Amino acid sequence: DAGVTQSPTHLIKTRGQQVTLRCSPKSGHDTVSWYQQALGQGPQFIFQYYEEEERQRGNFPDRFSGHQFPNYSSELNVNALLLGDSALYLCASSFGGPALEQFFGPGTRLTVL
Amino acid sequence: DQQVKQNSPSLSVQEGRISILNCDYTNSMFDYFLWYKKYPAEGPTFLISISSIKDKNEDGRFTVFLNKSAKHLSLHIVPSQPGDSAVYFCAAITQAGTALIFGKGTTLSVSS
């Protein structure tokens, strides 16, 4: 049973560029949440997708956007990258919308130069 | 303003002894509290949770205690093992909520 998978593992971009990160949820899960973990900090909620719609959003600017596909996989897009966007981006999946138990993927390490 | 606080960045314990990790919160609307463990190059893994209507939950070597009046919870690991060495995150969520609110984490090192 495959867990949550994320791609790519690592990514290096320069300021002003755009990036797309991908996530496949755990088998049987239909809800995907994205978190940003900066160095020395805990994960911070970006947004959650359920039934292909953004259900809730954290305190992140509009430069952060996402999408969920019919197969429940999801993308996180970040435009006009800033140095401060350098972080580990974690995807978590769950079943049936808002859920207590969320399963996390290994993350994508984004470095912005 | 941080709603979930883990004030100890690190903790060192000897194998076989008890590890106590602490967490404070400010939002009285939280309904559940969770502990996650994270190894390098892996995502956080759920460890144990507790409902706000309980004051203790136990699972094997792991016990979480909740003191609602003090807005404080703690995770006890007994006995500690070298494989427990990891970063431990305290998190909270409201019943109607979607987002897990995490603390900054505590790095536990268990020496043999």
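Just so you know, these numbers come straight off a predicted model, no measurement behind them. Letters A, B, ... mirror the listed sequences (proteins, then strands); counts begin at 1.
Of the two parts of Q102(A), the backbone and the side chain both hold a non-hydrogen atom closer than 4.5 Å to a non-hydrogen atom of chain B. Neither the backbone nor the side chain of I46(A) comes within less than 4.5 Å of any heavy atom in chain B. Heavy atoms closer than 4.5 Å to chain B are found in both the backbone and the side chain of Q41(A). The part of Y35(A) that comes within reach of chain B is its side chain, from C-beta onward, which places non-hydrogen atoms under 4.5 angstrom from that chain.
At a threshold of 4.0 Å, the pair D85(A)-R63(A) counts as salt-bridged, since one of the basic side-chain nitrogens sits closer than that to a carboxylate oxygen.
No hydrogens or angles considered: nothing links the side chains of K38(B) and Y36(B) as a donor-acceptor pair under 3.5 Å. Q6(B) and S8(B) are not linked by any side-chain donor-acceptor pair at a separation below 3.5 angstrom, with hydrogens and angles left out of the test. A donor and an acceptor atom, one from each side chain of H72(B) and D24(B), are located under 3.5 Å apart.
With respect to chain B, the highest number of heavy-atom pairs below 4.5 Å among C91(A), P106(A), A92(A), G105(A) belongs to P106(A). Interface summary for chain A: among I101(B), I93(B), L100(B), the most heavy-atom pairs under 4.5 angstrom belong to L100(B). Contact count versus chain A (heavy atoms, under 4.5 Å) is highest, among G43(B), A41(B), A91(B), for G43(B).
Looking at every heavy atom in both residues, T26(B) comes nearest to K71(B) through O-CE, 3.5 Å.
Here H76(B) and F62(B) keep their ring centres 6.0 angstrom or further from each other.
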